[in-house]
Student: 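Following this message is one structure expressed as structure tokens.
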Amino acid sequence: MAILFTLAACSSGAYDAESEDGSELFEEIPNEETSSALEAEGVKSMPSDSEENSSADLTDEELQGYIETEIENEIANENSGRYDSAEDEDSEVDSDEDENAIEGKAPIKIIPIDIKKIEVNEAIVIDDTSEDLLEASSGTEVDFESVSCDEDLPVFYSSDQVDNKDYITPVRNQGFTALCWNYAALGAVESDLLIHHEELSPDSLNLSEKHGAYYNMHKATGSVLGGIDDDYREFEFLEDDGFLSDYDTSYLSVGGVTDYCLSILTSWKGPVVDEDNNSIHVLKGQNDIYTQNSDKPSGAYDNAFCHVQNVLEVLATEKNRNIIKSLIMKHGSVTASINSDDSFWTGKKVALYDYKPYGEENYADHEILIVGWNDEYPAENFITRPETDGAFICKNSWGEKYGASGYFYLSYEDSILCNNIVAAYDCAMPGDNNWYDKNYQYAAFLTHIKDPIVDQRNVVYMYDKNNASYGMLFSPEEDEVLSAIGYFSMNTLNNDKVSVYKLGGSESDEAGEYYNLPDSDESIITMDCKSVTGGYHTFPLKKSIALEKGKRYLITITPGKKQRLVYEKALDYTTHPHKDEWQHNLGAIHTHNTASGHCYLQDSTGDLMIRQDDKDFFIKVYTRNKKADAETE
């Protein structure tokens, strides 16, 4: 999101479909009326695998031609930029040619599952239900302790005033940069660390906004097995402009949303301490912010101060208000979105209430940090009076001269707040029970950035609501211990099945085009993965599993109910050049995402897991160095 001076439009995903349970494998394809409604809400429908042609009753040759045609159509859809697709795959595989085919059976015809593809503009908004989330929960969810309180919530609470303890770091100043999104996220990380680590001090804890912003827009190397090294975005200059092309600091003017922070931090690209090359040295001056901050930060994966293991997201509606308060008490703060237009502020930016209907040019343009609340804050203190008293206490990133020493009140009824998510960060430091040594992953970014300023032009790719199984294949670098599995969820109240299978062959073998989906009792382990919130969750194994170096393991996730499934799309795409508010040439954004060939989605029958050669899913596998007490097969 943008700074005070450059109001980069950073807002929420407009698609807020109601979650529903169901045993059907996938939903009926929306008709024209439904599709039009979705597009009006910021969701663009993409052709499904059989929208234009049906694969039923085709001959083998016709079936192969049909699939190849659909792949060609998909490539054509992206040719407004530069796009490299994976090679076409045959639709029919001979069991004699694939060791994973079912023995003694006729050649298998692979028919992809038919799920509608959609594009969501702006930031992701988690799908919620009309239910009270706490009443509907079982108490066994991985995040239940974070969202529930054993005692009554107080009328007033602030994380910088808890039993004479301060869990909030000092107010920062983002200056002329557009990095409010990173200031808010790192403020949330810092507050979580302060609550759970008494040895840390708010005055000395300062994590680097520059490091995360840099690797949001630069190639990063050093991920485990290079899993996401070839997924990156960067600024390109069609010709030398004699300024930003020399300093390589256009990234300081890239507005953003929670999706960016989640992608960077759960990949373990930092956070690092704000010092030396990892500091923003100059914050003001339309030229100086670029020329005086050109030193390159430390390596993407070097010297991480902590690991972000969970990003707990919930829609900031009235029914979820107590959950938001619990998240603040357990993690110190949550990030939130606002519209910072002057017309919504009282006085010297002490109180904010956006009363306009959400949408129609009323979108979020700034990220802030909620650190507490006051249920009795008078409604008449806002420039336009909301219906009820009550407000959240917020920390801004504009320095101490704005608001009340950098803080302000945000009405519970604020239009932007109530139509977007808040996010709490849960972190681990060395020695913590949830500290892991390695992170196996193949998807790096949730968002395809097409515009650094106007967030409504940026895109998240996903499948529409379905409950198809999906998964990831990996091979450990060494003899290691499988300790946890993490993935991104678009829903609240999740109850999924996660299984781990040991496959034949080794890492030197090419990943199979498909694998039979074994029964759950054939897995090394199958576990229930439950969460109250949406977002990114890490699920620790109850018992660690010994892994063999170079062997192949397949992780599968079967959603407990229909939900949208986010993926990173393989593409090679370059935008037109962009300019900042001073008309400096920022360059064109080049996005390069590869399909790893390690991610799988079930076929139309549900019996096979099919390799995805055009996308990767947001699944991560966490291991520790081998321990003697690890469970063996």
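Numbers here simply count residues along the sequence, with the first being 1.
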Student: Run the ring pair (Phe, Tyr, Trp, His ring centres under 6.0 Å) check on Tyr402 and Phe408 step by step: do they pass?
Tutor: CA-CA 9 Å; Tyr402 288 93; Phe408 68 94; over 10 Å; no

Student: For Ala213 and Trp181, work out which heavy atoms get closest and say how close.
Tutor: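 Taking Ala213 first and Trp181 second, the nearest heavy atoms are CA-CH2, 4.1 Å.
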
Student: So, Ser340 versus Asp365: side-chain donor-acceptor pair below 3.5 Å or not?
Tutor: yes

Student: Report yes if some heavy atom in the side chain of Asn320 is under 4.5 Å from a heavy atom in the side chain of Leu133; otherwise report no.
Tutor: yes

Student: List for me each residue that meets side-chain contact (heavy atoms from CB on, under 4.5 Å) alongside Asn277, sequence neighbours excluded, and say none if there are none.
Tutor: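 Listed in chain order: Asp295.
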
Student: So, using side-chain contact (heavy atoms from CB on, under 4.5 Å) as the criterion, who are the partners of Thr388 when residues are at least two apart?
Tutor: Glu413

Student: Working note: Thr533 + Asp143, criterion side-chain hydrogen bond (donor to acceptor under 3.5 Å, both in side chains); need CA distance, chi angles, decisive distance, verdict.
Tutor: CA-CA 7 Å; Thr533 61; Asp143 55 354; 2.5 Å; yes

Student: Which value, rounded to the nearest 0.5 Å, describes the distance between Ser405 atom OG and Asn396 atom CG?
Tutor: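 Rounded to the nearest 0.5 Å, the OG-CG separation comes to 12.5 Å.
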
Student: Does the distance from a Lys or Arg side-chain N to an Asp or Glu carboxylate O, for Lys356 and Asp341, drop under 4.0 Å?
Tutor: no

Student: Could you pull out the closest heavy-atom pair between Thr169 and Glu190, with the gap in Å?
Tutor: OG1-OE1, 2.5 Å

Student: Is it the case that more than 12 heavy atoms not belonging to Glu380 sit under 6.0 Å from its CD atom?
Tutor: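 Buried by this count: over 12 neighbours within 6.0 Å.
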
Student: Going by atom types only, do Asp160 and Ser158 share a side-chain donor-acceptor pair under 3.5 Å?
Tutor: yes

Student: Please find the pair of heavy atoms, one from Cys418 and one from Thr317, that lie closest to each other, and give the distance.
Tutor: O-CG2, 3.7 Å

Student: Measuring only between side-chain heavy atoms, which start at C-beta, is Leu265 closer than 4.5 Å to Tyr260?
Tutor: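 Counting from C-beta outward, Leu265 and Tyr260 never come under 4.5 Å.
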
Student: Can you establish whether the number of heavy atoms outside Glu145 located under 6.0 Å from its atom CD is more than 12?
Tutor: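 No, not enclosed.
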
Student: Do the ring planes of His592 and His590 sit parallel (below 30°), tilted (30 to 60°) or perpendicular (above 60°)?
Tutor: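 Plane angle over 60°, so perpendicular.
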
Student: Could you go step by step and tell me if Tyr353 and Trp345 meet the ring pair (Phe, Tyr, Trp, His ring centres under 6.0 Å) rule?
Tutor: CA-CA 7 Å; Tyr353 171 48; Trp345 289 98; over 10 Å; no

Student: Using side-chain heavy atoms (C-beta onward) and a distance below 4.5 Å, is Leu327 in contact with Leu312?
Tutor: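 Result yes, sub-4.5 Å side-chain heavy-atom pair found.
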
Student: Would you indicate whether Asp132, at its atom CG, is surrounded by more than 12 heavy atoms from other residues, nucleotides or ligands within a distance under 6.0 Å?
Tutor: yes

Student: Quick check: Tyr290 with His584 (ring centres under 6.0 Å apart)?
Tutor: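 Aromatic pair counts; centres sit under 6.0 Å.
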
Student: What pairs with Tyr425 under ring pair (Phe, Tyr, Trp, His ring centres under 6.0 Å), at least two apart in sequence or on another chain?
Tutor: none

Student: Can you tell me how far apart CG (Asp375) and NZ (Lys325) are? Round to the nearest 0.5 Å.
Tutor: 3.5 Å

Student: Tell me which one of His197, Lys330, His331 satisfies side-chain hydrogen bond (donor to acceptor under 3.5 Å, both in side chains) with Asp192.
Tutor: His331

Student: Looking only at side chains, do Ser223 and Asp229 share a donor and an acceptor under 3.5 Å apart?
Tutor: yes

Student: Could you please spell out the steps behind the side-chain hydrogen bond (donor to acceptor under 3.5 Å, both in side chains) verdict for Asp354 and Ser415?
Tutor: CA-CA 5 Å; Asp354 182 343; Ser415 176; 4.8 Å; no

Student: Hey, would you say the Tyr183 and Trp398 ring centroids sit under 6.0 Å apart?
Tutor: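 Distance test on ring centres: not under 6.0 Å, no.
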
Student: Measure the spacing between CG of Asn625 and OH of Tyr436 and express it to the nearest 0.5 Å.
Tutor: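 The CG atom of Asn625 sits 14.0 Å away from the OH atom of Tyr436.
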
Student: Could you please spell out the steps behind the side chain to side chain contact (heavy atoms under 4.5 Å, CB included) verdict for Tyr232 and Met217?
Tutor: CA-CA 7 Å; Tyr232 59 91; Met217 297 301 301; over 6 Å; no

Student: Taking it one step at a time, do Asp580 and Ser253 satisfy side-chain hydrogen bond (donor to acceptor under 3.5 Å, both in side chains)?
Tutor: CA-CA 7 Å; Asp580 67 9; Ser253 289; 4.6 Å; no

Student: Would you say the side chains of Asp451 and Asn458 form a donor-acceptor pair under 3.5 Å?
Tutor: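 Side chains of Asp451 and Asn458: no pair found under 3.5 Å.
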
Student: I'd like to know if Glu400 and Arg172 make a salt bridge, using a cut-off of under 4.0 Å between side-chain N and carboxylate O.
Tutor: no

Student: If a pair satisfies salt bridge (charged side-chain N to carboxylate O under 4.0 Å, His left out) and one of its residues is in residues 431-440, list it, with sequence neighbours excluded.
Tutor: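 Salt bridge (charged side-chain N to carboxylate O under 4.0 Å, His left out) check on residues 431-440 returns Lys438-Glu477, Lys438-Glu480.
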
Student: Start with the C-alpha gap between His578 and Ile453, add the side-chain angles, then the distance that decides, and say whether side chain to side chain contact (heavy atoms under 4.5 Å, CB included) holds.
Tutor: CA-CA 9 Å; His578 301 278; Ile453 307 297; 5.9 Å; no

Student: Show your reasoning for whether salt bridge (Lys or Arg N to Asp or Glu O under 4.0 Å) applies to Lys319 and Asp128.
Tutor: CA-CA 11 Å; Lys319 82 175 182 69; Asp128 201 2; 3.1 Å; yes

Student: List the steps and the verdict of side chain to side chain contact (heavy atoms under 4.5 Å, CB included) for Phe243 and Ser245.
Tutor: CA-CA 5 Å; Phe243 184 42; Ser245 59; over 6 Å; no

Student: On a heavy-atom basis, which atom in Thr249 and which in Asn293 lie closest, and how many Å separate them?
Tutor: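 The pair with the smallest heavy-atom distance is CG2-O, 3.5 Å.
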
Student: State, yes or no, whether a side-chain contact exists between Val532 and Glu141 at a heavy-atom distance under 4.5 Å.
Tutor: yes

Student: Salt bridge check: are Asp248 and Lys296 linked by an N-O gap of less than 4.0 Å?
Tutor: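 Salt bridge absent between Asp248 and Lys296.
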
Student: More than 12 heavy atoms of other residues, nucleotides or ligands under 6.0 Å from NZ of Lys401: yes or no?
Tutor: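 Not buried by this count: 12 neighbours or fewer within 6.0 Å.
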
Student: Can you list every ring-ring contact (aromatic ring centres under 6.0 Å, His included) pair that touches residues 371-397, not counting sequence neighbours?
Tutor: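 Checked against ring-ring contact (aromatic ring centres under 6.0 Å, His included) - neighbours excluded - the pairs reaching residues 371-397 are Tyr157-Trp373, Tyr377-Phe382, Tyr377-Tyr409, Phe392-Tyr412.
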
Student: Does CD belonging to Glu199 count more than 12 external heavy atoms closer than 6.0 Å?
Tutor: yes

Student: Quick one: does Leu207's side chain get under 4.5 Å of Leu205's, heavy atoms only?
Tutor: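 SC-SC contact between Leu207 and Leu205 confirmed.
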
Student: Is Met429 close to Phe305 at the side-chain level, that is, under 4.5 Å between some pair of heavy atoms?
Tutor: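 Yes, their side chains come closer than 4.5 Å.
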
Student: What residues form a ring pair (Phe, Tyr, Trp, His ring centres under 6.0 Å) with Phe618, not counting sequence neighbours?
Tutor: none

Student: So, for Tyr251 and Phe235, is the gap between ring centers shorter than 6.0 Å?
Tutor: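 Judged by ring-centre distance (under 6.0 Å), Tyr251 and Phe235 do not meet the cut-off.
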
Student: Return the minimal non-hydrogen interatomic distance between Ala404 and Val350, and the atom names on each side.
Tutor: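 It is N-CG2, 4.3 Å.
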
Student: So, for Asp259 and Leu446, which heavy atoms are closest and what is the spacing to 0.1 Å?
Tutor: O-CD1, 3.9 Å

Student: Taking Asp342 first and then Lys349, would you say they form a salt bridge - that is, a charged N and a carboxylate O separated by under 4.0 Å?
Tutor: yes

Student: Would you say CD of Gln583 has more than 12 non-hydrogen atoms from neighbouring residues, nucleotides or ligands within 6.0 angstrom?
Tutor: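 Check passes, neighbour count above 12.
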
Student: Within this structure, what is the CG-OG distance for the pair Leu134 and Ser326, rounded to the nearest 0.5 Å?
Tutor: 7.0 Å

